[in-house]
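Here's the structure we're looking at; comments come further down.
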Amino acid sequence: MVVKLGKLFKHADFKYLLPIISISIITRVCYFLWRLIVEQGVPKTQDSHWYLDHAGDLLSGARFHIDFNGILYFGYYGLLAVFLAIFKSETVFVLLQVLVNALSVIFVYKISEMLLNKRTAVIASLIYALTYELIYWSAFLLTDSLFVSVLLMTVYFLLKSFNTKRKADIFIFSAGVAYMCFIRPSGIVTIAFIFVYIFINMDLKKITSLIISYRRYILVCTVISASLGFIIIYRGFLNPFVSSLYWNLRWLLLDNYSSGRIFDVKTPYDHVYNAVKENSHLNNFVISFFIDNWKHILILYGKRLLGFWGTWMWNYNLTSPAGIIKFVVRLSPVIAMLTGILRIIRQKIYDRTSILILMIVSTQLFCTIFFIDSAWRYRLPSLAFVGILTGYGIDWLLCVFERHFNQKLSFGFVSDKILNIMNIKS
């Protein structure tokens, strides 16, 4: 991994990357230090204390909890336990999380350059470096920041493995996929969409020939996996997991769905209805709730799809100049993103670049099925990819400007000025 990151730095265009990396680190570290001083410690939420408690249980040798949260968040609080054991400080862990999130701007740059072009890479990287939500949540003891970093790394090595076919790239991609399963539950949804991308872009003839060549090994692995699965189910090892999953879903339906909430708190935009709460089908409350309330649930999902982009979708005032300007400002990033998508379709590069849209859709789907966090942190995994598509839309507008005024635009002068100030030759 260290070698790979070293090569990534070595071949990167520092004329553009170095100033962007500096901005990304400075904004996040300064914000983290400010919150550390103001709150006299690492910023925490209720979830943060849960991670600390479970990390403490691991360190004290307490029994591992084989439940829904205990398994699907193990990748985060397990890593936290390791750092607490070594450094005896949660501050070091969060500071490292902040730095990793800041340096992930490199992956944004490389993904954009690989799929689109250099100018889009510069714009998208700047958007990532300066996006307030990414800066804000990187300072908290929460899974969100680390998940964004691992996701970007995984997507980068996925794209790289398609180009190079190198075992090292495939291994790092596979490790990223495996780890995402245990950072947070949304990782499973994200991974499903990553495999959709792989299916879209894979060579079916080559895959078929590989399956035929390794059919004996595949058969042995299938038999072993099926046997282990049967033993696990028969012995009831996953009973606590299945039971906790059911009760988590039941809580979600009673607490959130039945009140028609779009977010995790009540808002004027919710879909208010009288939910049917009976065990009327298969003696299962979860199945019964979806069957008996499906029409209202579809309306709720529709509102969440819109709410994913902000409450301004409903709360706007077009009767005054100030209200119109405010609405246009809020709408402009979405228009730029849609422009980028339309440009991809027009250039017929949607197979190769579909990973950008799939990562946004996976995050939006997760928020639609569960709920949108009112502090917007559940949207974080999509923001880097929204930024890339937005950057591609802005790049098209700059291309139109260049053609119209016969003037070539470049970001090189910005980098040259910054490098000269830092006394670094470009």
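- Put simply, the side chain of Thr267 never gets that close to the backbone of Phe263: no donor and acceptor are under 3.5 Å apart.
- Val105 approaches Ser125 most closely through the heavy-atom pair CG2-O, 3.4 Å.
- Tyr257 carries Arg304 over the face of its six-membered ring, with the cationic atom under 6.0 Å from the centre and within 45° of the normal.
- Interatomic distance, Leu158 CG to Thr154 OG1, rounded to the nearest 0.5 Å: 8.5 Å.
- Side-chain contact annotation: Asp292 with His281, donor-acceptor N/O pair under 3.5 Å present.
- Taking the six-membered ring for Trp, Tyr73 and Tyr77 have ring centres at least 6.0 Å apart.
- Between Phe83 and Phe93, the distance separating the two ring centers is shorter than 6.0 angstrom.
- The two residues Val122 and Tyr109 come nearest to each other via the heavy atoms CG2-CE1, 4.0 Å.
- When all heavy atoms of Val276 and Phe289 are compared, the closest pair comes out as O-CD1, 3.6 Å.
- Aromatic rings of Phe199 and Phe195 (six-membered ring for Trp) have centroids beyond the 6.0 Å cut-off, not under it.
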Ile191 and Ile188: CA distance, side-chain angles, deciding distance, side-chain contact (heavy atoms from CB on, under 4.5 Å) verdict:
CA-CA 5 Å; Ile191 290 166; Ile188 297 172; 5.5 Å; no
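- Ser288 and Asn279 share no donor-acceptor pair across their side chains, judged by distance under 3.5 Å alone.
- Ring centroids of Phe74 and Phe182 are separated by 6.0 Å or more, keeping the two rings apart.
- The CD atom of Gln97 lies 7.0 Å from the CG atom of Leu141; values are rounded to the nearest 0.5 Å.
- Cation-pi geometry between Arg379 and Trp376 is met: under 6.0 angstrom from the ring centre, within 45 degrees of the axis.
- Put simply, OG on Ser243 and CG on Asp67 are 9.5 Å apart, with the number rounded to the nearest 0.5 Å.
- The shortest heavy-atom contact between Asp270 and Gly260 is CB-O, 3.2 Å.
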Run Ile127 and Thr131 through side-chain contact (heavy atoms from CB on, under 4.5 Å) and show every step you take.
CA-CA 6 Å; Ile127 291 173; Thr131 297; 3.7 Å; yes
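- The CD1 atom of Ile135 sits 9.0 Å away from the OH atom of Tyr31 when rounded to the nearest 0.5 Å.
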For Leu356 and Tyr350, run side-chain contact (heavy atoms from CB on, under 4.5 Å): C-alpha distance rounded to whole Å, both residues' side-chain angles, the deciding distance at 0.1 Å, then the answer.
CA-CA 10 Å; Leu356 304 174; Tyr350 29 78; over 6 Å; no
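- Interatomic distance, Ser354 OG to Tyr197 OH, rounded to the nearest 0.5 Å: 5.5 Å.
- The CG atom of Leu380 lies 9.0 Å from the CG atom of Asp373; values are rounded to the nearest 0.5 Å.
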Between Tyr273 and His271, is a ring-ring contact (aromatic ring centres under 6.0 Å, His included) present by the stated rule, with each step listed?
CA-CA 6 Å; Tyr273 69 102; His271 173 62; 5.4 Å; yes
Passes side-chain contact (heavy atoms from CB on, under 4.5 Å), Lys44 versus Leu142? Steps please.
CA-CA 8 Å; Lys44 297 186 185 73; Leu142 292 168; over 6 Å; no
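- Nearest heavy atoms, Leu152 versus Ala384: CD2-CB, 3.8 Å.
- The closest side-chain donor-acceptor pair between Asp395 and Asn117 falls under 3.5 angstrom.
- Judged by the 6.0 Å distance and 45° axis criteria, Arg184 is not positioned over the aromatic ring of Tyr76.
- By the 6.0 Å contact criterion, CH2 on Trp309 is enclosed, its count of non-hydrogen atoms from other residues, nucleotides or ligands being greater than 12.
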Start with the C-alpha gap between Arg377 and Asp47, add the side-chain angles, then the distance that decides, and say whether salt bridge (charged side-chain N to carboxylate O under 4.0 Å, His left out) holds.
CA-CA 13 Å; Arg377 70 183 177 97; Asp47 289 345; 2.7 Å; yes
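- If you look at Tyr378 and Phe371, their ring centroids are closer than 6.0 Å.
- When the options Thr222, Val223, Ile224 are evaluated for a side-chain contact (heavy atoms from CB on, under 4.5 Å) with Val220, the one that passes is Ile224.
- Between Asn201 and Arg352, the side chains place no donor N or O within less than 3.5 Å of an acceptor N or O (distance only, hydrogens not considered).
- Across Ser138, Ser24, Ser149, a single residue satisfies side-chain hydrogen bond (donor to acceptor under 3.5 Å, both in side chains) together with Ser104, and that is Ser149.
- The 12-atom threshold is exceeded at NZ of Lys118, counting heavy atoms of other residues, nucleotides or ligands nearer than 6.0 Å.
- Across all their heavy atoms, Tyr156 and Met114 have their closest contact at CE1-CE, 3.4 Å.
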